[in-house]
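Reading through the structure tokens given below for one structure.
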Amino acid sequence: MIEEPHHTIPDRNLALELVRVTEAAALAAARMVGRGDKEGADQAAVDAMRLVLDRVSMDGVVVIGEGEKDEAPMLYNGESIGDGSPPQVDIAVDPLEGTRLTALGMPSAIAVIALAERGAMFDPGPCVYMEKLAGGPEISDLLDLERPLSETLQLIAKRKQIDIRDVMVVMLDRERHREKMHEVREAGARVRLITDGDVSAALLAVSDNSPVDLLWGIGGTPEGVISAAAIKCIGGQQLGRLWPRDDEERSAAVNAGYDLSKILDVEDLVKGDDVFFSATGVTDGDVMQGVRYQGGGSATTESLVMRARSGTVRRIVARHDRTKLRILTGGGSYG
């Protein structure tokens with residue numbers, strides 16, 4: 001008798017299944033837009049995402065999630081998800097990137113998930129933050145965390161054949177970024193500040209026809225891994241360098257064997273070509289439209305769905321009957 005092969009890597013386009021996951025999270029979180037409840041919005045997204053994830057045919061482990069089991073009731077690091085059947089995969093997830101954006105009704109909140117074969121995703125260990133630099137395919141070879149940012153901006157302007165005054169850098173509005181903001185402005189370029197949303201900003205930096213040329217900032221390492229998965233699919237480059245917050249975190253990283261001087265690229269952060277990514281807008285942003293409610297209990301979503309091996313990028317606009325979804329999910333949180 002010939003045994004059936006046991007597939008341990010993804011051999012189908014799981015991104016088309018993952019879009020149901022991010023749509024569910026976005027629909028649930030969107031009911032909390034503008035209500036001032038960050039925790040409630042996050043929990044709604046987590047609950048909806050968890051419900052749909054368990055129905056996906058995969059043997060998944062959350063490697064980039066919401067902390068340890070005792071700190072997060074759902075989608076914690078190390079949790080097994082999916083129905084347990086092959087393929088074996090790593091999952092990086094942020095059910096709601098932009099909890100504050102959602103609570104305050106601000107732009108660019110998204111639900112996002114990335115998937116790769118088992119063992120492919122970088123484990124940041126004790127390091128919560130990393131310094132990041134990201135840009136699209138046209139300038140990917142110009143990125144360098146060792147070079148002064150002002151020089152990189154000059155090179156980008158020359159490559160794009162634009163005045164440096166037309167170059168835009170997106171970064172989080174944080175006190176730790178004040179020096180770099182000044183450097184960008186002194187070089188003659190512009191700064192676009194955001195309150196939250198590393199992944200959304202990275203997508204903006206590498207997208208075609210974007211008002212942003214470059215992402216720079218010290219942001220979350222989990223978001224860095226998720227962004228790397230997206231960039232592997234859409235094209236471009238992201239460089240990262242671990243950034244310990246204090247001496248204790250630095251010592252913990254060194255003791256765990258991390259080289260804090262190493263520059264990580266997308267291949268270091270997410271290995272191989274079996275990488276899948278899906279994001280759905282919760283509130284309107286530059287990259288995706290948020291959830292829109294319509295008459296008759298329906299709502300529309302816009303999602304970005306990508307696969308690294310084929311380089312396929314799909315923009316999916318869907319209409320959902322929320323009443324039918326609740327029935328199908330046994331009363332799940334779809335708004």
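Keep in mind that what you see is a predicted model, and the values were worked out from it rather than measured.
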Output, in order, the C-alpha distance, side-chain angles, deciding distance and verdict of side chain to side chain contact (heavy atoms under 4.5 Å, CB included) for Asp42 and Glu39. CA-CA 5 Å; Asp42 192 36; Glu39 291 75 16; 5.7 Å; no
Using side chain to side chain contact (heavy atoms under 4.5 Å, CB included) as the criterion, list what pairs up with [X], not counting sequence neighbours.
| X | result |
| --- | --- |
| Ala92 | Ile64, Ala114, Met121, Ile226 |
| Thr300 | Gln289, Arg292, Gln294, Arg319 |
| Met106 | Leu101, Leu104, Thr195 |
| Pro137 | none |

If the condition is side chain to side chain donor-acceptor pair (under 3.5 Å), which residues does [X] pass it with, not counting sequence neighbours?
| X | answer |
| --- | --- |
| Thr283 | none |
| Asp163 | Arg165 |
| Ser303 | Thr280 |
| Ser200 | none |

Between the side chain of [X] and the main-chain N/O of [Y], is any donor-acceptor distance below 3.5 Å?
| X | Y | value |
| --- | --- | --- |
| Glu79 | Tyr76 | yes |
| Glu97 | Val199 | yes |
| Arg176 | Ile218 | yes |
| Gln237 | Val266 | yes |
| Asn77 | Gly65 | yes |

Residue pair Thr102 / Lys38, side-chain heavy-atom distance below 4.5 Å: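 No, their side chains stay 4.5 Å or more apart.
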Got Arg190 and Val184 here, is their nearest side-chain heavy-atom distance under 4.5 Å?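 No - every pair of side-chain heavy atoms lies 4.5 Å or more apart.
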Do you know the tightest heavy-atom contact between Ala157 and Val167?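 Closest approach of Ala157 to Val167: CB-CG2, 3.9 Å.
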For Gly220 against Asp198, the heavy-atom pair lying closest together: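 Closest approach of Gly220 to Asp198: N-OD2, 3.5 Å.
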Test of understanding: with salt bridge (Lys or Arg N to Asp or Glu O under 4.0 Å), list the residues that count as partners of Arg315, not counting sequence neighbours.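 With sequence neighbours excluded, Arg315 shows a salt bridge (Lys or Arg N to Asp or Glu O under 4.0 Å) to Glu302, given in chain and number order.
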Name all pairs fulfilling the salt bridge (Lys or Arg N to Asp or Glu O under 4.0 Å) condition that reach into residues 252-268, sequence neighbours left out, sorted by first residue then second.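 Passing the test, one end in residues 252-268: Lys232-Glu267.
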Any pair counted as salt bridge (Lys or Arg N to Asp or Glu O under 4.0 Å), so long as it reaches residues 103-115, sequence neighbours left out: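 Those involving residues 103-115 do not exist here.
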Establish, from distance only, whether the side-chain atoms of His320 and Thr301 form a donor-acceptor pair under 3.5 Å.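 Yes, side-chain donor-acceptor contact under 3.5 Å.
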Does the Lys NZ or Arg CZ of Arg309 fall within the cation-pi geometry relative to Phe276 - under 6.0 Å from the ring centre and within 45° of the axis?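 Relative to the ring axis of Phe276, which defines the angle, Arg309 lies outside at least one limit.
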Which pairs pass side-chain hydrogen bond (donor to acceptor under 3.5 Å, both in side chains) with one or both residues in residues 211-220, sequence neighbours excluded?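 The answer is Glu131-Trp216, Lys160-Asp213.
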